[in-house]
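Keep in mind that this is a model prediction, so the values were computed, not measured.
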Amino acid sequence: MDTGELARVDELLDSFVGEVFASLTRKDRVATAGVYVRGLMLDGKRKSMQPMAQRLGTDHQRLQQFVTTSPWDVVPVRKVLSRNACEVITPQAWALDDTGFAKDGDSSPCVARQYSGTLGKVGNCQVAVSVHGVTDTASAPLDWRLFMPESWDDATAETPAEQAAIAARRAKAAIPDGERHRRKWEMALEMIDELLEWGRAAPPVVVADAGYGDATEFRTGLSDRCLPYVVAVKGATTVQPGQAQPVTPPPPPRGRPPKPRYPDPPVTCKDMVVAAGPTALREVTWRHGSKSGPGNPGAAMTSKFTAIRVRPASRFITRADDGSAPEAWLIAEWPTGTKEPTDYWLSTLPSETPITELVRLAKIRWRIEHDYRELKDALGLDHFEGRSWLGWHHHATLVTVAHLFLTTLRLTNPKARGQD
């Protein structure tokens, strides 16, 4: 937004900030929150504190103190944000993913050489895990976690010297003692639990990429919470045919009686789909985009898919008394002209779910990439230069405030400039 556009929504923004930051008892902190959010939305290449302060004509020390050291709690703010986001968007799914922030040094909290999908490789970066409420046309972050590599958890140290060095880094970044290394899928389940505890309605479905879907424990965790899912998996993930039935082998002369088990070994998702062959494929259009052409005036996003009933195979899956694993959908995309399927998903949606709906929900995760692009490129999510744990969480929360305000403008006032 330029200064004129920002001025036109000034009263709306004051009201929005006042509601979101109602948990802050000091009026000067609420006012500074509003200034910071304005700085994030105002046009400018860099959204770190000094450039924002210069554009706003305010003292950057005011912004720095509010974000880096002011002891306001992000939880009640995010609670209101998640409620407002769900009200304005009415999510058709909760999407889970993570994003990386490239860093030059080693002082930012939880920075390490680690894989980042944003970078597409291992690099020096921070990684944040987030959950978003999504539809085909709108989305917004609902909660955040900063991923902590083992190199930042002194409890995982192998020697006293290593433990002391990590403890010193943690103290310098003011990381709370209770914050420890957890796998990303564990953090995702934590956020789902937190959102439900805040009173958010359970999502119709949870979607995630293979970084989460390949973890059987994550899928089991969703099922334990009675949350259906459509999650990507690798082609090497193993399954049994949906019609497979366990059998109990004859008992041995002595020893424990055998448990029922499937007579045939499981097969990979890839082999299951390839065996079904091209005749099992169906052309499905899941969305209309913005890039039309002479051969595709409606910008239809179309490919070929199959959906097969299977029973995922893993020792982590809870089985019924007869030894059977729960049924699920195996969805695969096999575009015309490719030698083999390119993408796979497992889903616990009901058996009567049409393939068109399965594919639409499998593909709806694209909205989280849209959010990350807007949060970073337009609102400066990855521009934070502070080196404290609290500062990062304050900045991420304030960026989420700016993002939801713009999303609300776009959905409630089509003429307002928001996200495209």
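Ring-centre distance between H181 and F147: below the 6.0 Å cut-off. Ring-centre distance between W94 and H132: not below the 6.0 Å cut-off.
Going from atom CZ of F218 over to atom OH of Y212 covers 8.0 Å, rounded to the nearest 0.5 Å. In this structure, CG in L195 is found 5.5 Å from CG in L142, a value given to the nearest 0.5 Å. With rounding to the nearest 0.5 Å, the separation of NE2 in H383 from NZ in K47 is 7.5 Å. Rounding to the nearest 0.5 Å gives a distance of 11.0 Å between OG of S324 and CD1 of I317. Between the CD atom in E150 and the CZ atom in R180 there is a gap of 12.5 Å [rounded to 0.5 Å]. Of the inter-residue distances, the one linking R219 atom CZ with D214 atom CG reads 7.5 Å to the nearest 0.5 angstrom.
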Donor-acceptor list for residues 58-67 side chains, cut-off 3.5 Å, not counting sequence neighbours:
from : atom 1 : to  : atom 2 : distance (Å)
D59  : OD1    : Q61 : N      : 3.0
R62  : NE     : T32 : OG1    : 3.0
R62  : NH2    : T32 : OG1    : 3.4

Evaluation steps, salt bridge (charged side-chain N to carboxylate O under 4.0 Å, His left out), between R225 and D193: CA-CA 9 Å; R225 291 161 173 80; D193 289 342; 2.7 Å; yes
Using the salt bridge (charged side-chain N to carboxylate O under 4.0 Å, His left out) rule, take D136 and R287 through it: C-alpha gap first, then chi angles, then the decisive distance, then the call. CA-CA 8 Å; D136 287 313; R287 188 166 62 87; 5.5 Å; no
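Taking the six-membered ring where the residue is Trp, W389 and H393 present tilted rings, their angle falling between 30° and 60°. Aromatic ring pairs are classed by plane angle as parallel below 30°, tilted from 30° to 60° and perpendicular above 60°; the pair H394 and W72 is parallel.
With hydrogens and angles disregarded, no donor-acceptor distance shorter than 3.5 Å links the side chain of E327 to the backbone of P350. A donor-acceptor pair is defined here as one N or O able to donate and one able to accept, closer than 3.5 Å; such a pair exists between the side chain of R200 and the backbone of K79. Under a 3.5 Å cut-off, the side chain of D154 and the backbone N or O of A167 do not form any donor-acceptor pair. Between the side chain of E5 and the backbone N or O of D2, at least one donor-acceptor pair lies under 3.5 Å.
Side chain to side chain, T135 and R367 fail the donor-acceptor criterion of an N or O pair below 3.5 Å. With hydrogens and angles left out, the side-chain atoms of N84 and T408 include no donor and acceptor closer than 3.5 Å. For the 3.5 Å distance criterion, the side chains of D153 and T156 fail to qualify, holding no donor opposite an acceptor. H395 and Y36 share a donor-acceptor pair across their side chains, judged by distance under 3.5 Å alone. T400 and W144 are linked by a side-chain donor-acceptor pair at a separation below 3.5 angstrom, with hydrogens and angles left out of the test. In the model, S130 has no side-chain atom that pairs as donor or acceptor with a side-chain atom of R145 under 3.5 Å. A side-chain donor-acceptor contact under 3.5 Å links Q92 and R360. No hydrogens or angles considered: nothing links the side chains of Q126 and S108 as a donor-acceptor pair under 3.5 Å. In the model, T118 has a side-chain atom that pairs as donor or acceptor with a side-chain atom of T99 under 3.5 Å.
For R182 and E179, the salt-bridge test passes: some basic side-chain N is under 4.0 Å from an acidic carboxylate O. Ion pairing between R38 and D10 holds under the 4.0 Å rule for side-chain N and carboxylate O. Under a 4.0 Å N-O distance rule, the pair D143/R78 qualifies as a salt bridge. Electrostatic pairing of K376 and D371 does not count as a salt bridge here, judged by no charged N lying under 4.0 Å from a carboxylate O.
The environment of R387 atom CZ is sparse: at most 12 non-hydrogen atoms of other residues, nucleotides or ligands sit within 6.0 angstrom. The environment of K270 atom NZ is sparse: at most 12 non-hydrogen atoms of other residues, nucleotides or ligands sit within 6.0 angstrom.
With sequence neighbours left out, E19 forms a salt bridge (charged side-chain N to carboxylate O under 4.0 Å, His left out) with R83. Not counting sequence neighbours, K172 has no partner by the salt bridge (charged side-chain N to carboxylate O under 4.0 Å, His left out) test.
With W152 as the aromatic partner, R170 does not meet the cation-pi criteria of under 6.0 angstrom to the ring centre and within 45 degrees of the ring axis. Remark: K363 is positioned above the aromatic ring of W286, its terminal NZ or CZ atom under 6.0 angstrom from the ring centre and at most 45 degrees off the axis.
The two residues A236 and T268 make their nearest non-hydrogen contact at O-CG2, 3.8 Å.
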